[in-house]
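Structure first, then comments.
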Amino acid sequence: MLTHIKDIVKHAEENKYAVGAFNVHNLESILAVAETAQKLDSPVIIQASEGAIKYIGLKNFVDLVTTAAENIAPDVPVTFHLDHGKTDHVVYECIKAGFTSVHIDASALPFEENLKLSKEVIDFAHEKGVWVQGEIGPIMGGHGAVGGTIEDVPIAKLEEVIEFSEKTGVDTIAAAIGTAHGNFDNEDIKIDLLKEIKSKTNKPFVLHGGSGVDDQKIIAAIAEGVNVINIGTDVKVAFSETLKKTCKENPDETDPRNLLRPCIAAVKEVAEGKMNLFGSVGRNFNK
Ligand code: G3H
Ligand code: ZN
């Protein structure tokens with residue numbers, strides 16, 4: 001059931017679990033995530049990057065997730081979200097198309113410019129009842145990158161996170177605290193920084209780069225107030241590896257459904273594992 005993200009995040013915050021925000025790339029991954037949420041009685045955020053929106057089509061993405069929320073996951077809270085919107089233009093396009101939750105990621109700009117652009121977007125979005133995630137980072141790596149170590153993981157400055165939160169009125173905070181986009185051996189979570197950010201901003205925290213992070217670190221971060229966890233690479237890898245394997249094992253198969261069904265199952269497995277880890281299973285507050 002389509003639900004505003006504010007209700008989903010507030011429930012997670014009050015009940016000390018995290019909601020999975022899954023990056024989807026096609027119809028199959030949307031179906032997999034929605035079916036898993038319904039099966040596990042879990043709230044869920046289905047999100048698309050600018051690249052995924054270009055691939056699927058903006059209106060198609062809105063319509064597909066709306067339909068999935070109504071028909072596949074009708075009993076659980078579902079919302080859709082723009083992930084890493086890099087410009088005000090893309091954010092405004094998404095709001096016009098019906099998004100009630102967007103991420104303005106101007107974190108690659110100098111801090112003052114990030115603050116200015118984010119505030120403009122937030123003021124505009126709030127007039128329309130839309131929630132905005134802002135980012136102080138940047139969070140490095142690449143969605144889908146796998147293996148090895150990542151050099152130079154930037155860490156957000158606490159004073160900047162506090163100033164950003166106070167001056168922009170942002171709804172949820174994404175800050176670089178040691179994770180990276182992709183799946184790397186040296187990903188970390190600076191729990192002390194997370195604690196400071198939570199106590200000084202008192203706002204919901206979104207953990208980016210959720211793939212590749214040790215489960216125990218994720219559990220500790222949720223205990224310290226991470227409310228949303230983004231998962232992209234694990235979804236991509238599960239889908240692609242399964243597709244490659246299925247094609248290799250069935251070189252004569254001509255029915256795309258037979259090649260794609262195992263991919264849906266693989267993404268479901270990822271979503272199920274994460275929902276269990278994040279503690280969102282059985283947290284359906286629509287009951
Ligand atoms: O914005 C998306 C996420 O931060 C995904 O990160 O690819 O490491 O799971 P990940
Ligand atoms: Zn991210």
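What you see is a predicted model; the values in this text were computed from it and never measured. Note that these values count all heavy atoms, side chains included, but never hydrogens, waters or copies made by symmetry.
- For the pair Thr66 and Leu2, the minimum side-chain heavy-atom distance is below 4.5 Å.
- Scanning all heavy atoms of the two residues, the minimum distance from Ile95 to Ala125 falls at CD1-CB, 3.9 Å.
- No salt bridge links Glu28 with Arg261; every basic N to acidic carboxylate O contact stays at or beyond 4.0 Å.
- Residues Val44 and Met275 meet the side-chain proximity criterion, which asks for heavy atoms closer than 4.5 Å.
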Ser165 vs Thr201, side chain to side chain donor-acceptor pair (under 3.5 Å): CA-CA, chis, key distance, verdict = CA-CA 6 Å; Ser165 172; Thr201 65; 4.9 Å; no
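- What you find for Pro74 and Met1 is that their closest heavy atoms are O-CB, 3.3 Å.
- Thr233 contributes a side-chain N or O that, together with a main-chain N or O of Gly144, makes up a donor-acceptor pair within less than 3.5 Å.
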Quick one: do His11 and Arg283 satisfy side chain to side chain contact (heavy atoms under 4.5 Å, CB included)? Show the steps, please.
-> CA-CA 9 Å; His11 189 263; Arg283 305 289 193 155; 4.2 Å; yes
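- Distance alone, capped at 3.5 Å, is enough to place a donor-acceptor pair between the Glu253 side chain and the Asp255 backbone.
- Across every non-hydrogen atom of Gly147 and Phe184, the tightest pair is O-CD2, 3.6 Å.
- Shown here for Ile177 and Ile155, the closest heavy-atom pair between the two residues is C-CD1, 3.9 Å.
- Of the charged side-chain nitrogens involved, at least one lies within less than 4.0 Å of a carboxylate oxygen, so that Lys190 and Asp188 count as a salt-bridged pair.
- Of the possible donor and acceptor atoms, none in the side chain of Ser211 sits under 3.5 Å from a partner among the backbone N and O of Asn183.
- Listed by first and then second residue, the side-chain hydrogen bond (donor to acceptor under 3.5 Å, both in side chains) pairs involving residues 138-162 amount to none (not counting sequence neighbours).
- The shortest distance between side-chain heavy atoms of Val235 and His25 falls below 4.5 Å.
- A donor and an acceptor atom, one from each side chain of His181 and Glu187, are nowhere located under 3.5 Å apart.
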Test side chain to side chain contact (heavy atoms under 4.5 Å, CB included) applied to His103 and His208, step by step | CA-CA 12 Å; His103 174 196; His208 279 251; 3.4 Å; yes
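- When side chains are defined from C-beta on, Ser49 does not count as touching His84, because their heavy atoms never get closer than 4.5 Å.
- Hydrophobic cluster membership of Val9, counting Ile, Leu, Val, Met, Phe, Trp and Tyr whose side-chain heavy atoms lie under 4.5 Å apart directly or via other members: Ile5, Ile8, Tyr17, Val19, Ile45, Trp131, Val206, Val228, Phe285.
- In this structure, the side chain of Lys203 does not engage the main chain of Lys198 through any donor-acceptor pair within 3.5 Å.
- The closest donor-acceptor contact from the side chain of Ser240 to the backbone of Val237 lies at 3.5 Å or more, if one exists at all.
- Of the charged side-chain nitrogens involved, at least one lies within less than 4.0 Å of a carboxylate oxygen, so that Glu93 and Lys96 count as a salt-bridged pair.
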Output, in order, the C-alpha distance, side-chain angles, deciding distance and verdict of salt bridge (Lys or Arg N to Asp or Glu O under 4.0 Å) for Asp75 and Lys287.
-> CA-CA 8 Å; Asp75 300 320; Lys287 276 183 167 171; over 6 Å; no
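- Asp171 and His126 form a side-chain donor-acceptor contact under 3.5 Å, judged by distance and modelled atom types alone.
- Between Lys268 and Thr36, the side chains place no donor N or O within less than 3.5 Å of an acceptor N or O (distance only, hydrogens not considered).
- At a threshold of 4.0 Å, the pair Lys244-Glu241 counts as salt-bridged, since one of the basic side-chain nitrogens sits closer than that to a carboxylate oxygen.
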Kindly indicate, with the supporting measurements, whether the criterion side chain to side chain contact (heavy atoms under 4.5 Å, CB included) is fulfilled by Asn286 and Val76.
-> CA-CA 6 Å; Asn286 283 337; Val76 295; 5.6 Å; no
Evaluate the criterion salt bridge (Lys or Arg N to Asp or Glu O under 4.0 Å) for residue pair Glu35 and Lys39; output intermediate values, then yes/no.
-> CA-CA 6 Å; Glu35 281 177 27; Lys39 177 183 152 195; over 6 Å; no
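- When side chains are defined from C-beta on, Ile173 does not count as touching Phe164, because their heavy atoms never get closer than 4.5 Å.
- Under the side chain to side chain contact (heavy atoms under 4.5 Å, CB included) rule, Ile229 has a single partner from Phe278, Phe22, Phe205, which is Phe278.
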Step-by-step side chain to side chain contact (heavy atoms under 4.5 Å, CB included) determination, Phe239 to Leu260 | CA-CA 9 Å; Phe239 189 96; Leu260 290 168; 3.8 Å; yes
Would you tabulate the side-chain donor-acceptor contacts of residues 50-65 under 3.5 Å, counting partners in other chains and residues two or more places apart, or write 'none'?
residue, atom, partner, partner atom, Å
Glu50, OE2, Lys86, N, 2.5
Lys59, NZ, Asp63, OD2, 2.7
Asn60, ND2, Ile56, O, 2.8

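- Judged purely by distance below 3.5 Å, without hydrogens or angles, the side chains of Thr67 and Asn71 never pair a donor atom with an acceptor atom.
- No side-chain donor-acceptor contact under 3.5 Å links Asn250 and Lys245.
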